[in-house]
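Here is the naming used below: chain letters follow the sequence lines, and residue numbers restart at 1 for every chain. Note that this is a predicted model, so its numbers are computed, not measured.
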4 protein chains.
Amino acid sequence: MRVKEGNKEKDILTAAISIFANDGYHNAKISKIADEAKVATGSVYLYFQNKEDILQKIFEDLWSRLYTELKSHLSNKNLSPAEQIDAMIDLVFDVFTENPDLALVFVNEQNHLQRAEAIRFQNFYEKFLDLGETAIIVGIGKNNFSDNFDIKVFRIFILGAIRSLLHTWANNPKSLALNKIRQSVKFLIKNGIQK
Amino acid sequence: MRVKEGNKEKDILTAAISIFANDGYHNAKISKIADEAKVATGSVYLYFQNKEDILQKIFEDLWSRLYTELKSHLSNKNLSPAEQIDAMIDLVFDVFTENPDLALVFVNEQNHLQRAEAIRFQNFYEKFLDLGETAIIVGIGKNNFSDNFDIKVFRIFILGAIRSLLHTWANNPKSLALNKIRQSVKFLIKNGIQK
Amino acid sequence: MRVKEGNKEKDILTAAISIFANDGYHNAKISKIADEAKVATGSVYLYFQNKEDILQKIFEDLWSRLYTELKSHLSNKNLSPAEQIDAMIDLVFDVFTENPDLALVFVNEQNHLQRAEAIRFQNFYEKFLDLGETAIIVGIGKNNFSDNFDIKVFRIFILGAIRSLLHTWANNPKSLALNKIRQSVKFLIKNGIQK
Amino acid sequence: MRVKEGNKEKDILTAAISIFANDGYHNAKISKIADEAKVATGSVYLYFQNKEDILQKIFEDLWSRLYTELKSHLSNKNLSPAEQIDAMIDLVFDVFTENPDLALVFVNEQNHLQRAEAIRFQNFYEKFLDLGETAIIVGIGKNNFSDNFDIKVFRIFILGAIRSLLHTWANNPKSLALNKIRQSVKFLIKNGIQK
DNA sequence: CATGAATGAGTATTCATTCAT
DNA sequence: AATGAATGAATACTCATTCAT
């Protein structure tokens, strides 16, 4: 019997991440993605509604994974608020370190996507940030963290900072050692919010 | 002969900032920019070489202004390193507060531009960041600031954080009060780097 | 998959000859050629790289055909030099008589093309003329033809004369009877070169 | 008093011949012609109705000059028909030798022009050819020339042959010595028409 | 499911011509 | 007459999407 070989949807997504990272979303050609995925141009439309749908799926997968992994990581252990913050930062760095192209797509195209009609990843994105927010609130309650800053601002603050660093790193991995970035970020964040 | 009336170049730039902010660079049409500037389509090409040239000029003007104003601000007074950091943050917030469209273009398109061939704003951009770097180094020398973080990382860290916040604010000014953002940023930054 | 039906490349070439003949190369619109070929505008670019590529292909086909047919015509028979000259003239007149539009494109656009970068038809064009040159040289050797003229000059002389006549005829077939042109040309050429 | 210096109309025509010769009529830009003529773009339209009007004027001047000079040349002397043919050929070669750019415009653009609405040079062109035709008819009458060819055909035949040779020469003057061309043409023509 | 040839809407850019000065 | 800034119509070419096989 003929076994379904490979996973074309996955192949297309992987190819798209690579092409989007290198050419940017707007300059990326569907035919090039199809070539890279070793699939016919028309086949892309069997798995995705249109070009933007591919990008949406990439972000959906990304935030779903980040949320799920963070949740499972936090739930098992009994971590202090500061340790939870560390865990979040580590997770984000780990995910993007193993896939720099994904980091580039993330930093370059998320803004673009946020003006799109349906933001399907919004759900996981918010839940991911909510986990961090909870850690902060607990930390403030325990009098470990200052209350001199707005938590909604903080969410965006930290994510923007990390995104920008990942962008610089992904574009030129040699310009900044990733472990130095990670260490500095942890210090700046935790020192920044401490009482 | 027909003599230049008004300042068409300025009109086109202003229109372009508005259109780029609302439609995004790639979806922005030259004809729409020309309409908004009350100028014929072809006239755009009297003042700019092509579409990208307009975007380059916007960023060039922006970073040139930020650098020049920061420099003059710092040179006159005798500010402590922490006050200098405050001044930088205030300046960025002030510029974008008075022109939210510019903020949107800044956050959405700077990445796009950095992959372009000639990055004309690079010069002023680097000089602006160098001023901040100097403040940090002096602060560390005076034992006011920690040396637990990498300065190159910090440059990107803070700019990315602010950019992300401005993006959220410019997209929906009501979601976050700007003064709350500004105050929180100042706290997180200064608390983050302090010894 | 959707499979190539008919011969779209041929249809486009035929349409292009007609449109180029009537409107001139520079005024010819790709969309009009596509319409005439009953093909979508974009399809033209599946078969040709750009507008000039179409013209190049027309000339390539033309000279390739002229050379091939002349060669096979000369090789079989045992013709005298004068008869070979006749054969060349007849061939050129026959080809253009059956396709006056092609004659018009030939006379109007060959100069234009000769300033273009890549002249793909050059090869067959030269080989065609070389066959004629050989006939002349043999005729001179046999003391049938005069040596009072330069052969390189003659090549251009005769082709230019014929081109000009075809141009007049193709523009207005009624102004000159083609058989009268053909007869006169043969006389003038052969009388002109004879000893 | 301010004396009109130079002759702008003449300057523009001279510039146009140069630009048309080098870039071809369709690629020639009015602004470039104006630059070359050291005149403002708009000034071109003080002397010519539009771009094509410039080309028309070039040909009008050319054929007017050819006709006038030929006429004065023939009228004074008492030349045999064969000498008259020589005189025509010499005149054409002389005019284009002294201005190769004009030769290029002549050979490249005359066809283009002949499809235009108003062919203002037609008058002188016909009269020039009529002078030659008369010489032929006289020569036939004197039994010097053959009557095995059509005179209308011959007109076009000889002009086309010369045009083609001038084209080759003007594009690459070193490829063919002009005196060799001239000598060969005279031989081929006179030998071709003789009894 | 898969293919890739075919489609045709969409747009940056050019440049002959105009016109206010 | 002269200027050259301003105009805006015009078009080759691209590429996301469709669809006949």
In chain order, what residues pass the side chain to side chain donor-acceptor pair (under 3.5 Å) check against [X], with sequence neighbours excluded?
X	result
Asn50(C)	none
Lys51(B)	none
Glu9(C)	none

Rounding to a whole Å, what distance do you find between [X]:[atom1] and [N]:[atom2]?
X	N	atom1	atom2	result
Asp23(A)	dC15(F)	CG	P	11 Å
Asp35(B)	dT7(F)	CG	P	11 Å
Ile19(D)	dA16(E)	CD1	C1'	16 Å
Tyr25(A)	dA16(F)	OH	C1'	10 Å
Asp11(D)	dA2(F)	CG	P	11 Å
Asp53(A)	dT18(F)	CG	C1'	17 Å
Lys32(B)	dG10(E)	NZ	P	14 Å
Tyr47(D)	dT3(F)	OH	C1'	12 Å

| said: The criterion is ring-ring contact (aromatic ring centres under 6.0 Å, His included); which residues satisfy it with Phe124(C), sequence neighbours excluded? | reply: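 ring-ring contact (aromatic ring centres under 6.0 Å, His included) list for Phe124(C), sorted by chain: empty.
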| message | Taking ring-ring contact (aromatic ring centres under 6.0 Å, His included) as the definition, give me every residue that meets it alongside Phe96(B), ordered by chain and number, with sequence neighbours left out. | response |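 In terms of ring-ring contact (aromatic ring centres under 6.0 Å, His included), with neighbours along the sequence ignored, Phe96(B) is linked to Phe106(B).
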| said: Students often get this wrong, so: under 4.0 angstrom with heavy atoms, is Phe48(A) touching a base, only sugar-phosphate, or nothing? | reply: nothing
| remark: Partner of Lys32(C) under side-chain hydrogen bond (donor to acceptor under 3.5 Å, both in side chains), picked from Asn22(C), Thr41(C), Asn27(C), Asp23(C), is Asp23(C)
| query | List DNA chain F stems (3 or more consecutive Watson-Crick/G-U pairs, under 3.5 Å)? | reply |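 Counting only runs of 3 or more consecutive pairs, the stems involving DNA chain F are E:2-21 with F:2-21.
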| query | OP1 or OP2 of dA5(E) less than 4.0 angstrom from a side-chain nitrogen or oxygen of Lys8(C), does that happen here? | reply | no
| Which residue lies toward the 5' end of DNA chain F, Ser43(C) or Ala40(B), if each is placed at its nearest nucleotide? | Ala40(B)
| task | Give the nucleotide from the list dA6(E), dT3(E), dA1(F) with an atom nearest to the side chain of Leu46(A). | result | dT3(E)
Identify all pairs in which a protein N or O lies below 3.5 Å from an N or O of nucleotides 10-13 of chain F, and state each distance.
unit_1	atom_1	unit_2	atom_2	d
dT11(F)	OP1	Lys29(C)	NZ	2.9
dA12(F)	OP1	Ala28(C)	O	3.3
dA12(F)	OP2	Ile30(C)	N	3.1
dC13(F)	OP2	Tyr45(C)	OH	2.9
dC13(F)	OP2	Lys51(C)	N	3.1

| field | Closest heavy-atom pair and its distance - Val105(B), Ala21(B) | value |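 Taking Val105(B) first and Ala21(B) second, the nearest heavy atoms are CG2-N, 3.7 Å.
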| note | residues 34-58 of chain C vs ring-ring contact (aromatic ring centres under 6.0 Å, His included), sequence neighbours excluded, gives none
| Which residues pass the side-chain contact (heavy atoms from CB on, under 4.5 Å) test with Asn123(A), sequence neighbours left out? |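 If we apply the side-chain contact (heavy atoms from CB on, under 4.5 Å) test to Asn123(A), skipping adjacent residues, the hits are Lys127(A).
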